[in-house]
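Reckoned from all heavy atoms, side chains included, excluding hydrogens, waters and symmetry mates. Computed from a predicted model, the values in this text were never measured in an experiment.
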Amino acid sequence: MSETQHSTANSAPDSHCSSCGAPYGEGVSGWPRTCPSCGTVAYRNPLPVAIALQPVYDTKGTALVVITRTIAPVRGGTALPGGYIDDREDWKQAVVRELKEETGIDAAARDVRLVDAMSSPDGHLLLFGLLPERPAESLPAYDATNETEARHLLRRPEELAFPLHTLAVRAWFDGRYI
């Protein structure tokens, strides 16, 4: 095998034991998997995602803050602010960090309340954190980011870029997250 072929084979995701470095080999697939060399059992755990539900009110009523995405997947789609929880980050801190990064809105982690947890078909665990309602006029000016091109107020349930965001929005508008 040439050096190029060897390094390509070694770079395949999840092809080697993270404990001893031995290749899993042809017969090992699926999860959990056991290393044939050292016997370590490896698991593929869901990637946790923190999602912010930020209600705001004005003279037109109460709405939820949503964003327009500029990144894949679903570039151009409308979604709730959210993203992956960083290593060693509390999920409430992730909710407020993602809200700030994607919308410019500051919030306190102590004010986040878990209202739902859903598993997506692709193995992600979504934690939906509800923040206290605030006046729309108190929101900071919006500046586009490398992930979002707009911030909007969603005044009624509608289909969003991600099916679980749609379910959470419907539940909120139906009063199930009180």
Side-chain angles (χ1 to χ4, degrees), residues 1-54 65-103 105-131 145-148 159-172 176-177:
M1 180 183 301
S2 74
E3 192 64 40
T4 305
Q5 289 171 319
H6 183 70
S7 64
T8 302
N10 286 341
S11 65
D14 305 316
S15 63
H16 289 70
C17 174
S18 61
S19 185
C20 74
Y24 281 116
E26 299 290 324
V28 180
S29 64
W31 299 95
R33 58 178 57 167
T34 303
C35 175
S37 181
C38 72
T40 298
V41 178
Y43 297 87
R44 183 171 200 142
N45 296 319
L47 297 172
V49 178
I51 309 294
L53 292 160
Q54 176 60 73
V65 173
V66 293
I67 52 92
T68 302
R69 296 172 55 83
T70 59
I71 59 172
V74 202
R75 182 179 290 118
T78 300
L80 292 165
Y84 294 113
I85 299 172
D86 290 339
D87 183 42
R88 298 171 200 236
E89 182 179 39
D90 178 272
W91 73 270
K92 291 180 178 185
Q93 292 170 334
V95 167
V96 298
R97 177 184 50 78
E98 288 290 342
L99 181 68
K100 174 73 172 175
E101 287 175 4
E102 296 185 1
T103 69
I105 299 170
D106 281 312
R110 71 180 173 276
D111 294 333
V112 179
R113 186 169 57 90
L114 180 66
V115 292
D116 216 334
M118 298 183 215
S119 294
S120 68
D122 62 358
H124 294 94
L125 173 64
L126 281 68
L127 301 175
F128 291 87
L130 180 63
L131 292 144
T145 72
N146 62 345
E147 295 182 6
T148 65
E159 293 295 316
L160 297 183
F162 302 104
L164 297 182
H165 289 211
T166 300
L167 291 175
V169 164
R170 284 186 188 145
W172 185 82
R176 289 184 271 154
Y177 291 163

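At a threshold of 4.5 Å between non-hydrogen side-chain atoms, the residues Y24 and H16 do not count as touching. Within the 4.5 Å cutoff, the side chain of L80 has heavy atoms near those of the L53 side chain. Considering only heavy atoms from C-beta on, S19 stays 4.5 Å or farther from C35 through its side chain. Taking the side chain as every heavy atom from C-beta outward, T103 and T148 never approach each other to under 4.5 Å. Residues L114 and F128 are not in side-chain contact: their nearest non-hydrogen atoms beyond the backbone lie 4.5 Å or more apart. Side-chain contact between P23 and S15: absent, with no pair of heavy atoms (C-beta onward) separated by less than 4.5 Å. Counting heavy atoms from C-beta on, the side chains of L125 and V49 never come closer than 4.5 Å.
Between the side chain of T78 and the backbone N or O of L160 there is no donor-acceptor pair closer than 3.5 Å. When atom types are taken as modelled, the side chain of R69 and the backbone of G76 share no donor-acceptor pair closer than 3.5 angstrom. Looking only at distances, no side-chain donor or acceptor of T34 sits under 3.5 Å from a matching main-chain atom of G39. Looking at E101, its side chain never comes within 3.5 Å of a backbone N or O of E98 through a donor-acceptor pair.
The pair R97-E102 does not meet the salt-bridge criterion, since no charged nitrogen lies less than 4.0 angstrom from a carboxylate oxygen. A salt bridge is absent between R33 and D14; no separation between the charged side-chain nitrogens and carboxylate oxygens falls under 4.0 Å.
The shortest heavy-atom contact between V41 and P32 is CG1-CB, 3.8 Å. Between I85 and W91, the shortest heavy-atom distance links the atoms CD1-CB, 3.7 Å. Of all heavy-atom pairs spanning A161 and V74, the tightest one is CB-CG1, 3.3 Å. The shortest non-hydrogen separation linking A117 to L127 is CB-CD2, 3.8 Å.
In this structure, the side-chain hydrogen bond (donor to acceptor under 3.5 Å, both in side chains) partners of S120, at least two apart in sequence or on a different chain, are D122. Residues satisfying the ring pair (Phe, Tyr, Trp, His ring centres under 6.0 Å) test with F162, not counting sequence neighbours, are H165.
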- Item | Check against side chain to side chain contact (heavy atoms under 4.5 Å, CB included), I105 and V96 | CA-CA 8 Å; I105 299 170; V96 298; over 6 Å; no
- Go through the steps to decide whether L131 and L99 satisfy the test side chain to side chain contact (heavy atoms under 4.5 Å, CB included), and finish with yes or no. CA-CA 10 Å; L131 292 144; L99 181 68; 3.5 Å; yes
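Distance check: M118 CE to L164 CG gives 5.5 Å after rounding to the nearest 0.5 Å. Interatomic distance, R88 CZ to D86 CG, rounded to the nearest 0.5 Å: 12.0 Å. A distance of 4.5 Å separates CD1 of I51 from CG of L126, quoted to the nearest 0.5 Å. Expressed to the nearest 0.5 Å, how far OG1 of T145 lies from NZ of K100 amounts to 12.0 Å. For the atom pair CZ of R170 and OH of Y177, the computed distance is 11.5 Å after rounding to the nearest 0.5 Å.
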